[in-house]
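Heads up: the structure comes next, in structure tokens.
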2 protein chains.
Amino acid sequence: MKEVLPKFDSTFSIDCVVFGFDEGELKILLIERNEEPFKDWWALPGNIVGEDESLDQSASRILNELTGLTNIYMEQYYTFGDVNRHPQGRVVSIAYYALLRLGGEKSVKPLSTYAKQAYWRNVKDLPKLAFDHQKIFEKGLEKIKRRIKHQPIAFELLPEKFTLTQLQNVYEVILNKKLDKRNFRKKMLSFGVLRDLDEKQQGVSFRAATLYKFDKRKYAKLFGKEISF
Amino acid sequence: MKEVLPKFDSTFSIDCVVFGFDEGELKILLIERNEEPFKDWWALPGNIVGEDESLDQSASRILNELTGLTNIYMEQYYTFGDVNRHPQGRVVSIAYYALLRLGGEKSVKPLSTYAKQAYWRNVKDLPKLAFDHQKIFEKGLEKIKRRIKHQPIAFELLPEKFTLTQLQNVYEVILNKKLDKRNFRKKMLSFGVLRDLDEKQQGVSFRAATLYKFDKRKYAKLFGKEISF
DNA sequence: AATATAGCGTGTATATTTTACACTAAGTAA
DNA sequence: TTACTTAGTGTAAAATATACACGCTATATT
């Protein structure tokens with residue numbers, strides 16, 4: 001059977017741009033490579049797709065190995081296949097971005113052997129990256145910039161309960177521009193997808209803000225009606 | 001060198017959803033397969049990526065073999081990699097959509113040996129498709145539906161000189177809804193990306209409409225400012 | 001207890017954009 | 001000349017987006 005398919009040495013891999021939002025900054029996870037090629041360079045987390053894995057499964061696995069978490073929000077966004085992108089042969093890489101809730105942890109336990117360590121790095125201050133990972137990152141960032149305007153992905157970067165100021169912050173950092181507080185709140189609440197939890201922020205040394213939750217149910221009911229920023 | 005990369009029998013292919021607009025209908029090119037698997041089935045045009053081709057190059061080549069044309073507008077939009085999507089082994093397929101100006105030809109000369117013939121088929125009346133091509137097509141259609149709202153891709157489906165009615169038609173068919181003529185024209189002209197050619201339609205048996213051209217120069221100058229429908 | 005501090009939460013007026021809607025003009029064909 | 005078919009045009013009302021500033025409240029400090 002298989003002999004019908006033309007073959008040459010080639011393989012495919014997944015690379016992930018894992019975004020997190022913390023201390024008012026948008027960050028991504030980078031690993032320090034432990035192996036050739038690009039040993040000791042910084043790189044996006046990624047790996048070869050297994051024989052019995054779909055692409056999504058492979059991305060999930062990689063994210064799980066990296067963070068210990070399951071059910072991470074992720075989305076495939078582009079495939080990179082330049083002939084010489086990998087020095088050891090033809091490797092086509094399918095890129096995913098993932099969005100993570102950071103609860104304050106600064107580092108994620110690195111489980112794989114292919115990395116020394118994983119670190120969160122502010123997207124505004126990235127080191128030189130291995131392979132074509134700079135390009136992959138840039139396209140991923142562009143992607144979420146577009147997507148956050150119409151899709152409810154900002155919530156994936158926040159804890160389940162969040163304040164409107166925190167939410168506005170995510171938008172401002174990703175869109176890279178200041179938004180008007182009153183207008184932001186008016187518009188955001190007008191979509192009717194936030195549930196007021198009748199609960200206040202804890203442990204702040206000033207007036208506590210109301211906590212909200214993203215209501216998937218209500219969002220689903222919007223159907224076509226698009227959120228738009 | 002290469003032995004560092006884990007390998008198993010696998011390969012990658014390109015599949016193209018080639019859109020054309022003709023007689024007020026949105027169509028795609030389908031081929032009738034000449035080989036197993038799915039011999040005699042309808043399928044999207046596609047092929048295996050060559051060893052020395054980038055993905056874009058491969059897609060260009062496939063489109064050229066199919067149509068004889070070069071410089072076709074195309075864009076990669078998703079990669080399909082379910083384990084069992086191909087009965088003969090692991091084949092990951094990178095999907096492109098392409099947009100073609102149809103000048104009235106009904107069929108495109110099929111050059112490859114892997115197809116008996118290529119035909120234009122109305123997207124509203126497609127036959128059963130081989131592999132997971134139905135899914136690939138649907139995602140491609142969704143993609144251009146989204147994209148036409150913000151990007152100037154409608155022009156790729158029209159001859160260089162077109163009337164506003166023709167343009168509105170493209171929008172209506174792709175978005176699948178009627179638009180108001182006056183509002184459409186007002187908005188479209190307000191973007192300032194159309195050049196009035198001071199020229200009229202020829203050979204129509206009624207009042208001839210003014211011809212316009214998409215002005216890439218002016219569009220480039222808009223920069224961030226997005227078209228929006 | 002009084003005061004300072006820091007972020008929370010709110011409303012209105014204006015400008016802009018979107019929507020709804022129907023007739024005359026121009027060219028062709030009979 | 002008439003009939004037919006599509007081109008081309010404007011306005012008013014509604015909805016949405018923008019610009020803008022201050023009193024409130026909880027905590028921390030003295």
Side-chain angles (χ1 to χ4, degrees), chain A residues 21-25 148-150 154 158-159 161-173 175-213 222 224-229, chain B residues 21-25 148-150 154 158-159 161-173 175-213 222 224-229:
Chain A
F21 185 80
D22 195 28
E23 297 175 324
E25 291 179 350
I148 200 175
K149 288 188 182 175
H150 304 291
L158 291 171
K161 301 173 178 186
F162 52 83
T163 70
L164 287 175
T165 300
Q166 287 167 344
L167 184 60
Q168 181 176 343
N169 229 261
V170 171
Y171 276 87
E172 289 184 339
V173 169
L175 296 177
N176 200 23
K177 69 174 176 190
K178 272 234 148 305
L179 300 173
D180 179 86
K181 180 158 75 161
R182 277 179 289 193
N183 293 338
F184 178 84
R185 288 163 178 255
K186 209 186 317 173
K187 197 183 208 177
M188 186 53 79
L189 291 172
S190 78
F191 296 133
V193 299
L194 297 187
R195 191 159 68 245
D196 182 331
L197 293 174
D198 262 329
E199 222 179 306
K200 300 284 173 186
Q201 227 176 355
Q202 298 289 323
V204 285
S205 70
F206 45 79
R207 177 180 178 185
T210 302
L211 290 170
Y212 289 84
K213 214 182 138 173
L222 291 185
K225 266 175 200 163
E226 268 196 347
I227 284 173
S228 180
F229 265 92
Chain B
F21 185 79
D22 195 29
E23 298 174 325
E25 290 177 351
I148 200 175
K149 289 187 182 175
H150 304 290
L158 291 171
K161 301 172 177 186
F162 53 83
T163 70
L164 287 176
T165 300
Q166 287 168 344
L167 184 59
Q168 182 176 344
N169 228 260
V170 171
Y171 275 87
E172 288 184 338
V173 169
L175 295 177
N176 199 24
K177 68 174 177 190
K178 273 233 146 309
L179 300 173
D180 178 86
K181 180 158 78 162
R182 276 179 290 191
N183 293 340
F184 178 84
R185 290 155 106 92
K186 207 189 316 173
K187 198 180 206 177
M188 186 53 80
L189 291 171
S190 78
F191 296 133
V193 299
L194 297 187
R195 191 158 68 244
D196 182 331
L197 293 175
D198 263 330
E199 221 179 307
K200 299 285 173 186
Q201 227 175 354
Q202 299 288 324
V204 284
S205 69
F206 45 79
R207 178 180 177 184
T210 301
L211 291 171
Y212 289 84
K213 212 181 141 174
L222 291 186
K225 267 173 201 166
E226 269 196 346
I227 284 174
S228 181
F229 266 92

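Heavy atoms only: backbone and side chains are in, while hydrogens, waters and symmetry mates are out. Chain identifiers are assigned alphabetically (A, B, ...) following the order of the sequence lines, protein sequences preceding nucleic acid strands; residue numbering begins at 1 within each chain.
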Sugar-phosphate only, base, or nothing, as touched by B:Thr165 at under 4.0 Å among non-hydrogen atoms: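 It contacts sugar-phosphate atoms only.
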
Given [options], which nucleotide is nearest the side-chain atoms of [X]?
X	options	answer
A:Asn183	D:dT18, C:dA6, C:dA20	D:dT18
A:Lys187	D:dA17, C:dG11, D:dG8	D:dA17
B:Phe206	D:dT6, D:dC20, C:dA6	D:dT6

For [X] and [N], give me the distance from atom [atom1] to atom [atom2], rounded to whole Å.
X	N	atom1	atom2	value
B:Phe184	C:dT18	CZ	P	14 Å
B:Met188	D:dT9	CE	P	16 Å
B:Lys178	C:dA20	NZ	P	14 Å
A:Phe162	C:dG7	CZ	P	20 Å
B:Ile227	C:dT18	CD1	P	13 Å
A:Asp180	D:dC22	CG	C1'	14 Å
B:Gln202	D:dT6	CD	P	18 Å
A:Gln166	C:dC8	CD	C1'	13 Å

For the residue pair B:Thr165 and B:Arg185, establish whether any side-chain heavy-atom pair is separated by less than 4.5 Å.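 SC-SC contact between B:Thr165 and B:Arg185 confirmed.
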
So do the side chains of A:Thr210 and A:Leu164 get within less than 4.5 Å of each other, counting heavy atoms only?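 In short, these two side chains do not touch, never coming nearer than 4.5 Å.
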
Flag, side chain of A:Lys187 to backbone of A:Ser228, donor-acceptor distance under 3.5 Å: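 Yes.
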
Whether A:Glu172 side chain and A:Leu179 backbone form a donor-acceptor pair below 3.5 Å: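 Judged by distance alone, yes, a pair lies under 3.5 Å.
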
[N] phosphate, OP1 or OP2, under 4.0 Å from [X] side-chain N/O:
X	N	answer
A:Thr210	C:dG9	yes
B:Ser205	D:dT5	no
B:Arg185	D:dG8	yes

Toward the 5' end of DNA chain C, which comes first, B:Arg182 or A:Leu189, by nearest nucleotide?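 In this pair, the answer is A:Leu189.
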
Taking the nucleotide of DNA chain D with the closest heavy atom to each, which residue, B:Lys181 or A:Ser228, is nearer the 5' end?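 Nearest nucleotide further toward 5': that of B:Lys181.
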
Taking atom types as they are modelled, would you say the side chain of B:Arg207 forms a donor-acceptor pair with the base of D:dA7 within the 3.5 Å cutoff?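 Such a pair exists between side chain and base.
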
Do A:Lys186 and D:dT18 share a donor-acceptor pair, side chain to base, under 3.5 Å?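 Indeed, a donor on one side and an acceptor on the other fall under 3.5 Å apart.
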
Using 30° and 60° as the class limits, which term best fits the ring planes of B:Phe229 and B:Phe191: parallel, tilted or perpendicular?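 Perpendicular, since the angle between the ring planes exceeds 60°.
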
